[in-house]
Amino acid sequence: MKFIKKSYYYFFYRIYRSIEYTSELSGGKFLTFHKASLVVLALEAWVFFSFMAYYRIFTKTSIQLSFSMPIIYVPAIIIYVFNYFTLDYKDNWKQFNVEFANYSKRKNRIGGWIVFGIILLIISNFIFSFYLISQVDWSQYR
């Protein structure tokens, strides 16, 4: 469990450092933590929506989504609360950022490529799940 927690913090750290670096290039580090949190939130939402898409494909169920349905806001609340308690609450992420900043340059470079690969995998999976949904003939399942 500790490995998963540390991996999650490292994932956030690499996103945070990337946004911090690009913010420095554009003139300031305004709201860097919130930008990184938003990126992580979007990636988590894309993973959730990918699973929902695969569920729809394999069960051949057509779901009409609206904001009044619990299937939308319950996962959003769960993801938000999870991120709040892992990142925002008591600023837990800061102690890990100090630890990760002390990693060797080689170790951080390898970790950065792994995080980049995971992000590409999440985005590709999200796009592929919607591609699969578009291939199903939904008219016969209504």
Side-chain angles (χ1 to χ4, degrees), residues 1-26 29-142:
M1 188 67 159
K2 187 173 177 133
F3 174 75
I4 294 171
K5 180 180 177 181
K6 198 167 185 177
S7 299
Y8 180 76
Y9 281 117
Y10 189 78
F11 187 78
F12 178 79
Y13 166 77
R14 292 307 304 173
I15 292 172
Y16 178 85
R17 294 292 297 188
S18 297
I19 291 174
E20 185 177 55
Y21 176 74
T22 55
S23 295
E24 286 175 2
L25 295 177
S26 64
K29 298 184 203 177
F30 185 65
L31 296 174
T32 305
F33 171 76
H34 297 292
K35 292 175 192 175
S37 295
L38 186 63
V39 169
V40 170
L41 183 69
L43 291 170
E44 290 169 342
W46 292 344
V47 168
F48 171 74
F49 286 125
S50 295
F51 283 128
M52 288 296 298
Y54 291 129
Y55 173 78
R56 286 184 61 197
I57 292 165
F58 292 125
T59 61
K60 305 287 192 235
T61 56
S62 179
I63 301 171
Q64 301 298 326
L65 297 177
S66 71
F67 284 109
S68 64
M69 298 179 68
I71 194 83
I72 295 293
Y73 61 84
V74 170
I77 291 170
I78 290 170
I79 289 172
Y80 176 78
V81 168
F82 174 76
N83 285 343
Y84 175 77
F85 282 112
T86 56
L87 299 173
D88 290 340
Y89 185 69
K90 296 183 181 178
D91 288 333
N92 291 333
W93 65 279
K94 287 182 180 178
Q95 70 186 19
F96 283 98
N97 275 16
V98 171
E99 177 185 343
F100 298 142
N102 291 326
Y103 281 2
S104 69
K105 191 173 183 176
R106 181 179 184 276
K107 192 172 186 178
N108 263 325
R109 186 176 297 129
I110 292 170
W113 280 108
I114 291 171
V115 168
F116 180 70
I118 291 170
I119 291 171
L120 280 180
L121 183 67
I122 290 170
I123 293 169
S124 300
N125 182 45
F126 183 65
I127 293 169
F128 183 68
S129 67
F130 279 96
Y131 168 74
L132 289 178
I133 282 181
S134 72
Q135 299 300 308
V136 176
D137 181 17
W138 292 105
S139 63
Q140 61 185 348
Y141 297 110
R142 290 186 185 203

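What you see is a predicted model, and the numbers here were worked out from it, not measured in a lab.
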- Query: Mind checking what makes salt bridge (Lys or Arg N to Asp or Glu O under 4.0 Å) contact with Arg14, not counting sequence neighbours?
  - Reply: none
- Note on the structure: CG (Asn97) and CZ (Arg17) are apart, to the nearest 0.5 Å, by 8.0 Å
- Distance col, row Trp113:CH2 vs Ile110:CD1, nearest 0.5 angstrom, shows 12.0 Å
- Item | side-chain contact (heavy atoms from CB on, under 4.5 Å) between Phe12 and Phe96, intermediate numbers included | CA-CA 10 Å; Phe12 178 79; Phe96 283 98; over 6 Å; no
- Task: Please report the shortest heavy-atom distance between Asn125 and Ser50, naming the atom on each side.
- Result: ND2-CB, 3.4 Å
- Work out which heavy atom in Ile133 is nearest to a heavy atom in Ala53; give both atom names and the distance. CD1-CB, 3.3 Å
- Task: I would like to know whether Phe130 and Phe126 meet ring pair (Phe, Tyr, Trp, His ring centres under 6.0 Å); could you show each step before the answer?
- Result: CA-CA 7 Å; Phe130 279 96; Phe126 183 65; 4.9 Å; yes
- Query: Which pair of non-hydrogen atoms, one from Tyr13 and one from Ala101, has the smallest distance, and what is that distance?
  - Reply: OH-CA, 3.4 Å
- Do Phe11 and Leu43 pass the side-chain contact (heavy atoms from CB on, under 4.5 Å) test, and can you show the C-alpha distance, the side-chain angles, and the key distance before you say yes or no? CA-CA 11 Å; Phe11 187 78; Leu43 291 170; 3.7 Å; yes
- Which heavy atom of Asn102 sits nearest a heavy atom of Val98, and at what distance? ND2-O, 3.2 Å
- List the steps, then state whether side-chain contact (heavy atoms from CB on, under 4.5 Å) holds for Tyr131 with Ser134. CA-CA 5 Å; Tyr131 168 74; Ser134 72; 4.2 Å; yes
- Item | Verdict with reasoning, Leu87 to Tyr8, per side-chain contact (heavy atoms from CB on, under 4.5 Å) | CA-CA 10 Å; Leu87 299 173; Tyr8 180 76; 4.0 Å; yes
- Among Tyr9, Phe85, Phe33, the one residue meeting ring pair (Phe, Tyr, Trp, His ring centres under 6.0 Å) with Trp93: Phe33
- Task: Take the angle between the ring planes of Phe100 and Tyr103 and call it parallel below 30°, perpendicular above 60°, tilted in between.
- Result: perpendicular
- Message: Just checking Tyr54: does its OH atom have more than 12 heavy atoms from other residues, nucleotides or ligands closer to it than 6.0 angstrom?
- Response: yes
- Message: I want to check something: taking the side chain as every heavy atom from C-beta on, are Trp46 and Ile119 in contact at a cut-off of under 4.5 Å?
- Response: no
- Item | Shortest non-hydrogen separation from Asn83 to Glu44 and the atoms involved | ND2-OE1, 2.8 Å
- Message: Please report the interatomic distance CZ(Phe58) to CG(Leu132), rounded to the nearest 0.5 Å.
- Response: 7.5 Å
- Taking atom CD1 of Ile15 and atom CG of Leu38, what is their separation to the nearest 0.5 Å? 10.5 Å
- Residues that Lys94 engages under salt bridge (Lys or Arg N to Asp or Glu O under 4.0 Å), provided they are two or more places apart: Asp91
- Query: Nearest 0.5 Å, what's the OH-OG distance between Tyr84 and Ser37?
  - Reply: 12.0 Å
